[in-house]
Number of protein chains: 2
Amino acid sequence: MSVLDDTFAALADPTRRAILARLRSGEATVTELARPFNMSQPAISKHLRVLERAGLVSRSRDAQRRPCRLQAGPLKAATDWLEGYSRFWEDRYQNLDELLDELKGEEADDG
Amino acid sequence: MSVLDDTFAALADPTRRAILARLRSGEATVTELARPFNMSQPAISKHLRVLERAGLVSRSRDAQRRPCRLQAGPLKAATDWLEGYSRFWEDRYQNLDELLDELKGEEADDG
DNA sequence: AAGTTCAATAACCACCTGGTTTTATACAGC
DNA sequence: GCTGTATAAAACCAGGTGGTTATTGAACTT
């Protein structure tokens with residue numbers, strides 16, 4: 001449904017993350033992408049379809065080849081979403097939460 | 001396998017993202033989390049199990065209640081991973097890529 | 001002790017996912 | 001017009017996911 005659904009789902013697979021990493025150093029064809037994976041070509045094509053549906057990869061045409069290129073826009077959207085949680089991974093907030101919890105626990109013990 | 005697998009997979013579901021959003025404003029019990037969703041309690045419990053397995057939620061004990069708390073550490077790891085792509089969602093790089101592609105296309109046309 | 005509340009477990013279902021092998025399609029070059 | 005190459009498509013399979021209802025269990029309440 002949401003674009004974040006597709007983006008995060010696409011990123012949840014290590015093969016797909018490796019494909020994206022490879023595409024940072026430039027365009028690559030399907031067979032080039034498949035080579036390091038010891039995995040069948042159709043398997044890679046399926047992964048590429050997932051990445052394409054998530055808008056993370058676009059494909060052009062070069063004779064029989066279908067070169068893939070990284071499209072990072074959705075990654076920015078994902079990062080923006082995660083940014084909303086940045087203040088929660090700073091230690092002082094974590095400690096504050098735990099302190100509040102301890103206090104609550106003491107209340108319960110007392111009465 | 002990887003912690004990123006579990007993190008991104010957990011984030012791929014809108015219900016789970018909404019649960020995390022709710023937990024930003026403090027601890028909540030399972031029934032409290034289930035209330036806004038028009039979804040059965042076991043369904044929410046399953047989502048919480050996924051979030052817990054991904055290390056995004058921790059649970060304490062308060063009588064029959066099992067209050068859930070946000071654990072943002074894995075979100076930082078995910079953000080760090082995404083950071084490696086930040087230079088690709090800036091327009092000038094995108095344009096550079098497309099320019100290189102156009103040049104390559106012209107070469108092909110010429111020869 | 002009996003009832004109520006909060007949450008987990010079990011059993012089930014439809015659908016999706018990640019992989020396979022096999023087959024088909026599209027283009028290139030001799 | 002074959003042959004080889006690059007990729008997609010089809011059919012299949014095992015296992016995971018997201019949901020349900022019904023049941024169980026644990027802990028508070030009266």
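All chains are named by letter (A, B, ...) in the order of the sequence lines, taking the proteins before the strands, and each is independently numbered beginning at 1.
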Problem - Presence of A/Arg61 side-chain N/O under 4.0 Å of D/dA8 phosphate oxygens OP1/OP2 - result: no

Handout entry: B/Arg24 atom CZ, neighbour heavy-atom count above 12 within 6.0 Å
Key = yes

Practice task
Round to a whole Å and report the spacing from CD of A/Glu52 to P of D/dA9.
Solution key: 10 Å

Handout entry: B/Gln41 and B/Ser45: side chain donor to acceptor below 3.5 Å
Key = yes

Exercise for the section: Examine D/dG18: is either OP1 or OP2 under 4.0 Å from a nitrogen or oxygen in the side chain of B/Arg16? Give yes or no. Expected result: yes

Handout entry: Rounded distance in Å - CD (B/Gln41) to C1' (C/dA7)
Key = 5 Å

Problem - Residue closer to the 5' end of DNA chain C, B/Val30 versus B/Lys46 (nearest nucleotide) - result: B/Val30

Practice task
Could you check whether A/Thr31 gets within reach of a base, just the sugar-phosphate, or nothing at all, counting any heavy atom under 4.0 Å?
Solution key: sugar-phosphate

Handout entry: B/Val50 with B/Val57, same ILVMFWY side-chain cluster at under 4.5 Å
Key = no

Handout entry: Whole angstrom value for the distance that separates P of D/dA9 from CG of A/Leu48
Key = 12 Å

Exercise for the section: Kindly say if B/Ser40 contacts the phosphate of D/dT20, meaning a side-chain N or O under 4.0 Å from OP1 or OP2. Expected result: yes

Exercise for the section: Give me the ring orientation class for A/Phe8 and B/Phe8: parallel if the planes are under 30° apart, tilted from 30 to 60°, perpendicular past 60°. Expected result: parallel

Problem - Donor-acceptor contact present, side-chain A/Arg66 to main-chain A/Arg59, <3.5 Å - result: no

Completion exercise
Closest to the side chain of B/Met39, out of D/dA9, C/dA8, D/dG19, is D/dG19

Practice task
Would you please confirm or rule out a distance under 4.0 Å between OP1 or OP2 of C/dC16 and any side-chain N or O of A/Arg53?
Solution key: no

Exercise for the section: Would you kindly give the CZ-to-P distance between A/Arg66 and C/dC27, to the nearest whole Å? Expected result: 10 Å

Practice task
Using atom CD of A/Glu27 as one end and atom P of D/dA6 as the other, report the distance to the nearest whole Å.
Solution key: 16 Å

Practice task
Check whether any side-chain N or O of B/Thr29 sits under 4.0 Å from OP1 or OP2 of C/dA7, and answer yes or no.
Solution key: yes

Handout entry: Nucleotide C/dG18, atom P - distance to CZ of A/Arg49 in whole Å
Key = 11 Å

Problem - 5'-most by nearest nucleotide on DNA chain C - A/Ala63 or B/Ser45 - result: B/Ser45

Handout entry: A/His47 side chain near C/dG19 phosphate (N/O to OP1/OP2, under 4.0 Å)
Key = yes

Problem - A/Phe8 CZ - D/dG18 P separation (whole Å) - result: 15 Å

Exercise for the section: Select one nucleotide: of D/dT7, C/dG18, C/dA7, the one nearest the side-chain heavy atoms of B/Arg65. Expected result: C/dA7

Practice task
For B/Gln64 and C/dC6, give me the distance from atom CD to atom P, rounded to whole Å.
Solution key: 7 Å

